[in-house]
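To start, the structure under review is shown below, and the notes come after it.
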Amino acid sequence: MAESQPTVHNKVPEMPWGLHLVDDTTSEAIQGEVAVDIIAVHGLGANPDHAWVRHKDVAAGLEKDVRWLTDLLPQTFRDYQPSISARIFCFSYQSAWLGPQLSRNRLENVATRLLDDINNMRLKNGTLSDRPLVFIGHSFGGLVVEQAVVQANSAGGRYHHLVELIGGIILLGTPHQGSKSQRWGSVVANLANMIDYGETELMKEVDEKSMKIFDLISEFKKIMIGIDLAKTAVICFYENRPTNYVSRLMKVGPWIDKKTSSMVVEETSAVLSGFYSILLDSDHLKLNKFSSAQDGNYMSVSSNLCRVAAEAPGIIRRRRQVSRERVKDFIGRRSLLDRIRSHFSRDQTGPPPTLILHALGGQGKSQIALEYCRKWRETYRGVFWIDANSEMTATQSYAMIAAELMGKSLTETGDSAAQIRMVKDHLEQWDEGWLLVFDNYDEPDKFSEIRQFIPIRGKGQVLFTSRNRDLSRLGTLLEIPAMATEEGVQLLLRGYNDNDIQQIHKDMASSIINRFGKLALAIDQAAAYITYKRMPLDRLGDFLITYETERRRILSYTPKKFWEYRKMQHSEEVGNISAFTTWEMSFQQLGSGNEPWKKDAAHFLTLSAFFAPTSIAESLFRDYHEKHDGEVEWVEIFSLADKVEDDGVNAEEMNEDDKDEDEDDEDDKEDMGHDDASEQSSGHGFHSIWDTDRFWDLIAESNELSLLQSISPGTDQEGAKFSLHPLIRDWLQLRLKAEERQKYTQEATEVLVCSMKAYQARSATLEERTALMTHMDVSMSNDAEFLELQERLGRNIASCHTADRFANFYYDQGRYRTSEELLRRIVETGRSLLSEKDPFMLETMNRLAMVLGVQGKLEDAEVIHRQILKLRKSELGDKHFNTLMSMNGLAVILCDQSKYEEAEAMHRQVLKSRETKLGDGHPDTLSSMNNLAIVLRDQGKYEEARVMFQQTLKLRETELGDKHSDTLLSMNNLATVLCDQGKYKEAERICRQTLMLQETVSGKEHPLTLLNMSSLALILHCQNRDDEAEWICRQAIMLQETILGKEHPNTLWTMHNLAWILHSQIKDDEAEQICRQALMLRETVLGKEHPSTLWTMQTLAEILYSQNKNDEAEQIYRQALMLRERVSGKEHHYTLGAMQNLAKILKTQGKHEEAERTCRQALMLQETVLGKENPRTLLAMQDLAEILHSQNKDDEAEQICRQALMLQKTILGKEHPYTLGSMKLLAVILRSQGKHEEAERMIRENAKGEGDEGDVGDGGEWETEEEGEDVGEGGEWETEEEGEGGEESDMKRATRERGKRGARMTRVTRWARRRVNSMKV
């Protein structure tokens, strides 16, 4: 299996781990180039320095080494097609299977590194991110490539876009069924193992009995089929000569040589059934080594490689965003296709032409659109398919298009609206044609903002399919008529041999399609039924007999509101009911002869109709099956035939997550008065095992009968997926009685709850969570439509637990409003049916208060917390665990409202009680210490807070360990208070240590890891290290968008921070764009009055001010102040900061009197609310001194500034940035008064302080601004006269820009220091 080198032992690769560019012909590109990336992956026991090299062999006429990837291939590309522009890469990994440097890698690890290197390479070079990928894999390297494809397909977002860019794969002797010669590698390795020189673990990857390879290849083949590469672009080369490994290691005689030689990878193993395969005259070790361009093996490999590379861009273009659904049997409709083409072929002026294909359901609108895309896709640079069922589905489609067009790069950063704009802007700039297809735009009343999705210029075209006629405002309406008789006959008889079809058969078929009103969907369904039944041509008449019987039964229960489909062609008797009837006939064919199985299969398909019609994943049913092991009869159709005996696992051996989950379920049931003894299990007996093949067989059979619209293999976690046509989903619901619809609605909800639990346990991807939320939204809609009010989710005690699960899942995904709605419903139900002191009721109220808190509804949250606390005190006493927990929650909300005295007192009371009752080292005691320290920090008592944070950290390290999540939280909080104190280097050291530990414990993509990255970026920003801060921030955003979604509050927080960091670098255009995106999305997700939204408003105002957009900036500042007063009250420190911001911009606009009045009011309130020694109060004094100085009121300005400086030296220290800022300002004031000696002394003292600390920016300019969230503009110490007319000199402009940047750095540093947030418990 292993590749050999011209040395005895397999060494670590000379070329380092990773992806390496070895040749690039891009610079030689000509017009119309075909650009591709070739990536070669070696096998075991090799490295790129030898794997692709035919070594010098003078006896054989080879005078020098031939590295064919660089020596031969570039010229071969030029000879084959001059326009081919290729970058050729080698991927290196530690692959030694013998010797002291033995590899300990696993296949999955190597594949992950390959994907990550490709992704990072493309992020660094965004203009090349759309290049198709062509892989070459030799031996084990082929398995690495295949494993990478499978992992990328299941990664959910981070690497999935790479699958869409695969243009071909060349496999050289890849062991798809293992290798029989693995035994010789094992023999050699075992011999080495006796002398402590090797082991055989790595060789197990290619064992011919390996089920791991079997599963890998099965999944790989499904993916290749799904992206249309199976037939021509995946090529398997195999050897015809035996190879001897023993002779490579030692000199042996002919007899041993013969006995130890074998075919390393047999043809049956190297070839994939259904894929292209080619024989090479070579042993295994020379499959990837060629002597010259005339080498016959090279000519075979290179010619196929050239063809694949040349065809790859076209394959990618055709694949890109065209619906994955296939037109199974498109027949006729040529005149319609010609009319569409004719409409789009006219001279184009103005906006892109729009055509609407209109017909009632089942007429084949989508199939016609798909066929048009297939037939004409070569004429477009890109064809993009949008699911226009709703605004949400359309938005998701645009997100996928954005990912494909821009890659997983930073250019896609932003909210949904930004993604839509990006796609539109991208298409509008293309010089080539493009096509957008909006499929199933049937409800314009519910999706009225469709125009925001359509580009207004460019060389594109827009195609709609819709059941709604009233769309002429969008473009030209094209009515889709019923199928012509001849075309309908062709479609119906598609399963028969043309030579067997006589006129009598065509006449009978005509009778059938006329009976269907020539409805395309019904004809297709009937054809599927006939094919499935293998009905002879002479018995076509039997079909109509069966049809009439089913039709009469269907008409008896079809609701009148759906009879609109009946009026389609010639009479009211003919219509969509024919489709219902044919579906029913096909439905009855499932599992013919096996009635119990048939009944269960019908239940499965019917239940599927109560989810969203797309992306219905196998995992939904698998999780339900595992949760109700043997308890739900119908789902057992997906179990293995033989049940497995339990191992007698006891509670101690259970997975901790599973045990906690079960305990939570039982606690909730007990809290709500449930007695579910019948559901308890002894833990012994047998359990069912899910059989994914049975699931696939059922959906495949359903697809054959045209009951499903599409099926796909899916990923390991989610399994297979399928989708339903909207009309079939309607029919599956309609065929039920009202009571049955209610039961299915409730069961679908229960299925989703099981998946929620499973997703949380396995850390589901963003794609999985988004799909689950779509199903949850549909479930909520069904709940409202099909259930009586008292039976709806959360409206009765029995469903409150499920509603609580829904609310928690929505909360975790940042859907706070939906979560709040459900929690309020549960509370309302509990108040009417339970005691107000019921534990479940109180816990739900507590969660509701938490949801209100994160939305900034602090007063409402406080009211609820006080209610809970009062009830728990009266019921449990002041020192009960739950009472103290309520006090803690209330104190946190009070702190958020700046009610610091009460918050501090309450935290101290809780801390004292917990220390007495639980001890100093108990986790709850330490949580109280942490939260008390945060209150102290927010009051500016930094040193006291630091001491308490350090004490908490030390105790947590002792009690919990240095890698516990609470310990890491304490480290983060200690870093924040050090940042407040201006001790940036120490803060950075701790923050980096926290990030490293968090990555070790939770992984690089965990939400807490990403928050730590954002905090580190801000600490770096405080030190003027903005390039590094920007890079980290962008990386965090990219991962947050992938893991959490673009609309998650954490993502928006990091977006906001990035905007400010860009602003500090005078990259104001991009900063403004990102800030506006963040503001728009925060208004949508959190509301216009949420504190985070108001912070973003103020940041935007600051950015606008820096661009001299003063009027808009002032307007936003005033609006922010008004909202702050309304939301938080006039005395909240957020409000006071907003007042200072407004005062400063008023000053810069020459409105000195109003600026002074506003600033004095803010200072007076801060002295009252926060105290005269609070750092925020002292900054307000700075601001007032500066405003007074701008009015030449230098005596008062000097007095106030000296007072602030004296207090800052005492409270913060001489080297704190705020103190140094006051020194600068005082020096300016003194100089303006002619007190030059004292001014110079102050400047020297300031410079000494900055030099000693080494953490503060360049210190060259003076700037004032409210710290933290309260972002604003202050006065600069100008270095030249302003307001003069005429041109500005280059020198003067440069001086002004340096001053502007220096001033910004002081301003933004103060903002960033407060944005490095502490985490509360």
Side-chain angles (χ1 to χ4, degrees), residues 808 811 816 819-820 823 842-873 878 880-915 918 922-941 944-945 948-949 952 956 965-966 969-970 972-974 976-977 980 1008 1011 1049-1050 1053 1086 1090-1092 1095 1127-1129 1132-1134 1169-1170 1268-1269 1314-1321:
N808 289 342
Y811 174 83
Y816 299 137
S819 180
E820 178 190 345
L823 289 171
L842 293 175
E843 183 56 35
T844 304
M845 290 176 65
N846 186 70
R847 277 199 283 270
L848 174 59
M850 181 176 66
V851 173
L852 291 169
V854 297
Q855 295 180 85
K857 302 176 181 179
L858 301 177
E859 292 183 3
D860 291 345
E862 180 186 347
V863 169
I864 294 175
H865 273 303
R866 290 192 186 278
Q867 290 174 355
I868 299 170
L869 179 58
K870 182 179 178 181
L871 289 168
R872 281 181 166 164
K873 277 185 175 182
D878 290 353
H880 189 274
F881 167 81
N882 287 339
T883 305
L884 296 176
M885 184 175 67
S886 295
M887 291 178 68
N888 178 76
L890 174 58
V892 168
I893 289 295
L894 291 171
C895 180
D896 288 341
Q897 297 178 85
S898 296
K899 299 179 180 180
Y900 296 126
E901 289 186 8
E902 186 179 3
E904 181 179 343
M906 194 166 288
H907 275 311
R908 288 190 185 279
Q909 182 182 351
V910 174
L911 175 58
K912 183 177 179 181
S913 296
R914 284 176 167 172
E915 285 176 337
L918 303 173
H922 191 277
D924 291 349
T925 306
L926 298 177
S927 293
S928 291
M929 291 178 64
N930 176 79
N931 292 347
L932 175 57
I934 290 174
V935 177
L936 295 171
R937 179 213 175 199
D938 286 351
Q939 294 178 87
K941 301 175 182 178
E944 188 178 357
M948 187 161 285
F949 277 136
T952 308
R956 280 178 165 165
S965 58
D966 288 352
L969 180 145
S970 286
N972 176 83
N973 291 349
L974 177 58
T976 66
V977 77
D980 286 329
L1008 287 178
L1011 282 178
N1050 289 6
W1053 180 66
L1086 302 174
H1090 191 279
S1092 295
W1095 293 335
V1127 173
S1128 305
H1132 194 283
H1133 75 267
Y1134 294 166
V1169 175
L1170 302 175
E1269 303 83 19
R1314 293 289 301 159
R1315 295 300 293 140
V1316 185
N1317 291 331
S1318 299
M1319 299 183 185
K1320 304 173 185 178
V1321 182

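- Scored by the salt bridge (charged side-chain N to carboxylate O under 4.0 Å, His left out) test, Glu843 finds Arg847 as partners (sequence neighbours excluded).
- Taking the side-chain hydrogen bond (donor to acceptor under 3.5 Å, both in side chains) definition, one finds that Thr925 meets it with nothing, sequence neighbours left out.
- Taking Leu871 as the reference, Glu836, Lys837, Leu842 meet the side chain to side chain contact (heavy atoms under 4.5 Å, CB included) condition, with sequence neighbours excluded.
- Looking at residues two or more places apart in sequence or on another chain, you find a salt bridge (charged side-chain N to carboxylate O under 4.0 Å, His left out) between Glu944 and Arg908.
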Going through the distances and angles, do Val892 and Asp896 end up as a side chain to side chain contact (heavy atoms under 4.5 Å, CB included)?
CA-CA 6 Å; Val892 168; Asp896 288 341; 4.2 Å; yes
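- The CG atom of Asn931 sits 13.0 Å away from the CE atom of Met906 when rounded to the nearest 0.5 Å.
- Distance OG/Ser928 to NE2/His922: 10.5 Å, rounded to 0.5 Å.
- Among residues two or more places apart in sequence or in another chain, the side-chain hydrogen bond (donor to acceptor under 3.5 Å, both in side chains) test is passed with Gln909 by none.
- Expressed to the nearest 0.5 Å, how far CG of Asn808 lies from CE of Met850 amounts to 7.0 Å.
- Closest heavy-atom contact between Ala849 and Ala861: O-CB, 3.5 Å.
- Pairing each heavy atom of Ala903 with each of Cys895, the nearest pair is CB-N, 3.8 Å.
- By the side chain to side chain contact (heavy atoms under 4.5 Å, CB included) test, Lys899 is found to be paired with Glu862, Leu894, Gln897, residues two or more places apart in sequence or in another chain being considered.
- Partners of Glu901 under the side-chain hydrogen bond (donor to acceptor under 3.5 Å, both in side chains) rule, at least two apart in sequence or in another chain, do not exist in this structure.
- Although no hydrogens or angles enter the test, the distance criterion places a donor-acceptor pair under 3.5 Å between the side chain of Arg956 and the main chain of Asp966.
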Using side chain to side chain contact (heavy atoms under 4.5 Å, CB included), reason through Ile934 and Phe949 one step at a time and then give a plain yes or no.
CA-CA 9 Å; Ile934 290 174; Phe949 277 136; 3.7 Å; yes
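- Partners of Ser819 by side-chain hydrogen bond (donor to acceptor under 3.5 Å, both in side chains), not counting sequence neighbours: none found.
- Rounded to the nearest 0.5 angstrom, Leu890 CG and Ile864 CD1 are separated by 12.0 Å.
- Across all non-hydrogen atoms, the minimal contact from Val851 to Tyr816 is CG1-O, 3.5 Å.
- The salt bridge (charged side-chain N to carboxylate O under 4.0 Å, His left out) search around Glu915 returns none, not counting sequence neighbours.
- Taking CZ from Arg937 and CG from Leu932, the interatomic distance works out to 14.0 Å, rounded to the nearest 0.5 Å.
- Atom CZ in Arg914 sits 9.5 Å away from atom CE in Met887 (nearest 0.5 Å).
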Begin from the C-alpha positions of Met845 and Leu823 and carry the test side chain to side chain contact (heavy atoms under 4.5 Å, CB included) through to its verdict.
CA-CA 8 Å; Met845 290 176 65; Leu823 289 171; over 6 Å; no
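- Closest heavy-atom contact between Asp924 and Phe881: OD2-CE1, 2.9 Å.
- Thr952 approaches Asn930 most closely through the heavy-atom pair OG1-N, 4.1 Å.
- Listed by chain and residue number, Leu869, Arg872, Lys873, Leu876, His880 satisfy the side chain to side chain contact (heavy atoms under 4.5 Å, CB included) test with Thr883 (two or more places apart in sequence, or in another chain).
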